[in-house]
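Reading through the structure tokens given below for one structure.
The chains referred to below are lettered A, B, ... by the order of the sequence lines, with proteins before strands, and numbering in each begins at 1.
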Amino acid sequence: MKGITQSVLFFFDHLRRSKSFWVTIGGVVVMIVISALISYSVYDNITPGTAVAKIQQSYDFTLINLLNATTQLMIFVGLFTVAITVNSVIKRGVFDIFLSFPVRRWELLTGAFLSGIIFMFVVLLFLTMGIWVIHSSIFGMFYGEVLHWGLLNLLGFVIMFHLVIFVSFGFRSPIAGLLTAIAYSVIVSSVVFVMQQMIQTSSKVWLRETVNVVYWILPKSSEFSSSFFMAGQPTAEGHVLKLIISSLLFIFTVFGLTIIIFEKKDY
Amino acid sequence: MSEIVSSKKLTKIYPGRIKVKALEDFSISVMPGQIFGLLGQNGAGKTTFIKILLGITRLTEGSFSLFGSNEYNHLLKKNIGYLPENIQFPEVFTARQSLAALARFYEMEPSLIKKRTGELFELLGLEKIADRRAKTFSKGQNQRLGIARALLHDPDLIILDEPTDGIDPVGRKEIRTILQDLKSKGKTIFLNSHILSEVEMITDSVAILHKGKLLRTGTIHELTHENTHFEIKISRGLTLEEENSIVYLEKISEKLYRYNGSEVTELNRIIDKVRNLEILIEEITLRKSNLEELFIKTINADERVN
């Protein structure tokens, strides 16, 4: 465990000194400012005497859309930032130093993974809370029902980041890892999600079953990355929990595989 | 006293479509307090051996031990300082920050890191550039920083892969002095190098590795003295009868003879015999091969055999 802590602290130290870290922090501030301007503009357009229920509807709608757009954007910025850090460590000449440390390889890997998740958690927390506090202050009402959906956004990031870690450490190519993660989230996950929705009414049972199996095996990156959108949608009971569990199973499996490859690989 | 590093019939084959045998039945031992040099051309398997010791690469067959332990344990690396070939540092850090960040893995106290960093920067002439980013460093400066990192946690075993690569002659001399100073403090130094003149100056023992195979090993004295001989230049050539009367003397040319040995008593006996023949001795030269000659001879001999 000591090795994991040392690894996390190192990656944080590295992260906070990189330019992309400050770009991410700057991005959070810019997002909060833009969101504040939009919130103010929406509130300013509400005619005096509008019913509170209508105002609350406008409050919810604006908040969900603001959070959805900004967190999705920041997930990609954050992913880029942590991928740069991983790249800096695994390049030739630097990686040999890391592998000569008195820590186990899996501890090094877990430290890199956890530091990225913690970093993104903090980024999303500040972004979400910043937008919520300002938006609520402008509207003069504080409803936090949708905020817990933000945790699913973090899961969307974890799904992408574990692919970056898998390709970066397993095959020593962070750029390929970043591209894989983005391609998975933007193309594969979205396509499978849309197919799964469309196919439910199909008369071909084998097709429906096949798509369902694929859907439930693969992690649901596109759903989680737009979880604030989901916050405004009605969902079947237990559906979100099933999404989370199936995605976590996939992440643990791939992360376990990454550790096995990383432990056995010659560098 | 047990060996600090040893290997027995160590073999490494890199898998792939074309399997590469990087090391074959490689056996050496390094005693504590020694400076040991592993010599070989590029691709001989020197770096592979170091990487196996550090767990960066896995062995295929055979065994090795570190600090007398046959069981590989990552904690053994706490006591090893390593300078990899073509070392680089994370770009975001200055030299000082780099060492501080990497020292975390050795559980060093911040005050100790500060003290050691200051001492090493002064020792390696890096104090003026300590707060510059390592990515702006020249190859030599980078190499010095790499040596500082290897020594930071005051390890007992220091493994240096081409330590003087990219360093100017003055810097090389400084590094030699540092290594000799470390040896005097009881540290063991294992170095890979192809700068043979330097290795000869500082190492106690060497091993010559060629295409993964160990060709020679021994102390510098043993290896360089095995071809020691004296050349004796005399005023006139010896007759066949005279030649037969002086055993151990081998003719090189008309007036030049060779005594294949390093025994001074025997040499004096030969001199006496030559002088008794009323022949003047014009010159006596001690010829001994240096490490470079030995290395080239050994490699060439192996190439001819294989």
Side chain, backbone, both or neither: which part of B:K51 has an atom under 4.5 Å from a heavy atom of chain A?
-> side chain
Do you know the tightest heavy-atom contact between B:Y82 and A:D96?
-> CE2-O, 3.9 Å
Can you see which heavy atom on B:P84 is nearest to which on A:I97, and at what distance?
->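 Shortest heavy-atom contact: CG-CG1, 4.0 Å.
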Within 6.0 Å of [atom1] in [X], more than 12 heavy atoms from elsewhere:
X	atom1	answer
B:E122	CD	no
A:F121	CZ	no
A:R92	CZ	no
A:F252	CZ	no
A:F255	CZ	yes
B:K9	NZ	no

Within-4.5 Å side-chain heavy-atom neighbours: A:E263 and B:R58 = yes
Can you find a pair of side-chain heavy atoms, one from B:H74 and one from A:R105, that are under 4.5 Å apart?
->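 Answer no - side chains too far apart.
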Tell me, for A:V94 versus chain B, whether the close heavy atoms (under 4.5 Å) come from the side chain, the backbone, both or neither.
-> both
Side chain, backbone, both or neither of A:L15 within contact of chain B (heavy atoms, under 4.5 Å) |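 Contact with chain B: none, neither part.
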Which one, A:F95, A:F10, A:F98, leads in non-hydrogen pairs under 4.5 Å with chain B?
->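 Most pairs with chain B among the choices: A:F10.
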Between A:K265, A:K19, A:R104, which residue shows the highest count of heavy-atom pairs closer than 4.5 Å to chain B?
->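 Highest number of heavy-atom pairs under 4.5 Å: A:R104.
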Pairing residues for A:E223 by the salt bridge (Lys or Arg N to Asp or Glu O under 4.0 Å) criterion, not counting sequence neighbours |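 Checked A:E223 against salt bridge (Lys or Arg N to Asp or Glu O under 4.0 Å); zero matches.
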Tabulate, in ascending numerical order, the residues of residues 86-105 of chain B having at least one heavy atom closer than 4.5 Å to a heavy atom of chain A, or enter 'none'.
-> B:N86, B:I87, B:Q88, B:F89, B:P90, B:E91, B:V92, B:F93, B:Q97, B:A101, B:L102, B:R104, B:F105
Got a second to check how far B:L83's CG is from A:S100's OG, nearest 0.5 Å?
-> 10.0 Å
Name the option with the most non-hydrogen atom pairs under 4.5 Å to chain A; the candidates are B:K12, B:K78, B:E107.
->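 Among the listed options, the one with the most contacts to chain A is B:E107.
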When heavy-atom pairs shorter than 4.5 Å are enumerated against chain A, which of B:L54, B:I56, B:L75, B:L76 gives the highest number?
-> B:I56
